[in-house]
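Beneath this line is the structure, given in structure tokens, with notes to follow.
Just so we're clear, the structure is a prediction, and the values are computed from it rather than from any experiment. To find a chain, count down the sequence lines: A is the first, B the second, and so on, and within it residues start at 1.
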Amino acid sequence: MIVAFTNQLLELAVALLAAPLLLGWVNQCRAWLQNRRAPSLWLPYRNYRKLFHKDAVLAANASPLFRAAPYVVFGSMVVAAAIIPSLGSALPFSRVADAIALVGLFATARMFMALAAMDIGTAFGTLGARREMMIGFLAEPALLMVIFTASLISSSTSLAAISDTLVSRELAIYPSLAFAAIAFLLVLLAENARIPVDNPATHLELTMIHEAMLLEYSARHLALMEWAAALKLFNYAAIGFALFIPWGIAGRDAGLVELLYAAPLLAVKLLCAGAVLALIETLSAKLRIFRAPEFLATAFLFAVLGMLVHLLLGS
Amino acid sequence: MINLCAAVLLLLSFAMISQRRTVALVDLFTAQGVTLAVSTLVVALGTGQRHMYYSAALTFALKVIVLPVILRRLIRRLGVQWEAESRLDVTVTMIIGLLVVIFAFGLAEPISALATTVTRSTLGIALAVVLLSFLMMITRRKAVSQVIGFLAMENGLFFAAASATYGMPMLIEFGIALDVLVAVFVLGVFFFQIREQFDSLDLQHLESLKEK
């Protein structure tokens, strides 16, 4: 019991602290790949500190929803981080919510972000919100299908149970999981405003989606929103690890020592994932917004194919 | 292993459906040929049947080397390297493709329940590949892509034969291989005829064969 709660707290702390680092690492890799001088790994932290020390400026017609949205978004990302097994799967919190509730949490965050963006009434915010909802409603079914494939294999929708089952299977290439992994990668790129769908490095473009929604935020609100975005990326990475490379996640009845072993493995996984993400972003060009449905339809296709292949071939 | 091959085959079929450019279609067709040869080889190794080895070698020679070379040469001589299918709604086609796959899986289930071969579960995928190639022939307007769809359909049939009955007798396999080869030659001649008549390889023009 004590171990489980330690695990829970440790995992939350790791998620909160490692998420900005992951973002910094991805930016650093991207800079290296593009022959630029890389920004510091700690830049996101410095940015948050700077923003937390500033005074917030609110538009005159901002409603309470606009002020509440950053806390709701950040809160749902923290709760999501508490459900996903990244270090160990003995999570007391994961009994409260399964993977479907997790998708719901992401949807809640998205909805509040879009509402807040529309709240002020600027053209950019509304535009970003609409685009975000379009991407979201296409990406969500694909994400659900990916999770269903994994939960069909382990006959449970709890992420902790899924990673427990998957880690104990023999090592082989399972076609269904391979399809699901490709689908998940596409969803990850779309949901985290990464390059084929959105460009995270821009503030002043007509094509932006995620940044357009944050234009009206300042100071601590902006810091929370950006931290939430970093957490979202970390959460998605952790879901990917739990579903597709669960080796190294401490099992249900693991002790503290195993948790300590799991930490460096998680770091290695995150380093690799960040490098791969930066590579994908450097190699691909941004899609026209009207091509995004095609991109996400491909993700949905892969996810459904994974499920069908599992049903037919049983592997 | 055979399941993995089957899954890759299915994936390649979907890639072909959503690929707009003709040259890339030939590459995908080649990849499909490689997968088919590998899966035949896997079946041969698993069952120890000698004629499957020959069959794998024949598949490799015909579908990975000869046919892609002919198709590439045809495309170059026709000058359609850069041509792309213009009116093709990829999203809708893919969703129809998904429905087709579900239909094929449902259709194959009672058959594979009766079969006793180790590869019986891949029959549904073979059927899906056939139907998807069919779908590709329906949705395409360009003559070359239709022919590639036809060849992909033959791949699906071959895979179905390999998975349901451990391959056909050698004689029939040779016959089919020859047929496919001749078909590509004849269709190549047709391409030139069509182009001379209509100045394009768009089969839309064939639908209005009226004297003016």
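- In this structure, CG in A:Leu138 is found 9.0 Å from OG1 in B:Thr91, a value given to the nearest 0.5 Å.
- Residues of residues 61-69 of chain B lying within less than 4.5 angstrom of chain A, judged on heavy atoms, are absent.
- For residues 71-80 of chain B, every residue pair satisfying the side chain to side chain donor-acceptor pair (under 3.5 Å) rule, not counting sequence neighbours, is listed here: B:Asp27-B:Arg72.
- Residue pairs satisfying the side chain to side chain donor-acceptor pair (under 3.5 Å) criterion with at least one member in residues 134-143 of chain A, sequence neighbours excluded, are listed as follows: A:Arg110-A:Glu140.
- Atom CZ of B:Phe60 is surrounded by 12 or fewer heavy atoms from other residues, nucleotides or ligands within 6.0 Å.
- The number of heavy atoms from other shown groups lying within 6.0 Å of CG (A:Leu283) is above 12.
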Do A:Phe300 and B:Leu98 pass the side-chain contact (heavy atoms from CB on, under 4.5 Å) test, and can you show the C-alpha distance, the side-chain angles, and the key distance before you say yes or no?
CA-CA 10 Å; A:Phe300 183 68; B:Leu98 262 185; 4.2 Å; yes
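- When the shell of 6.0 Å around CZ of A:Phe244 is examined, it contains more than 12 heavy atoms from other residues, nucleotides or ligands.
- Applying a 4.5 Å heavy-atom cutoff, the residues of residues 5-16 of chain B that approach chain A are B:Ala7, B:Leu10, B:Leu11, B:Phe14.
- Annotation for A:Glu294 and B:Met94: closest pair O-CE, 4.3 Å, computed over non-hydrogen atoms.
- Counting non-hydrogen atoms of other residues, nucleotides and ligands closer than 6.0 Å to CZ of A:Phe241 gives a total above 12.
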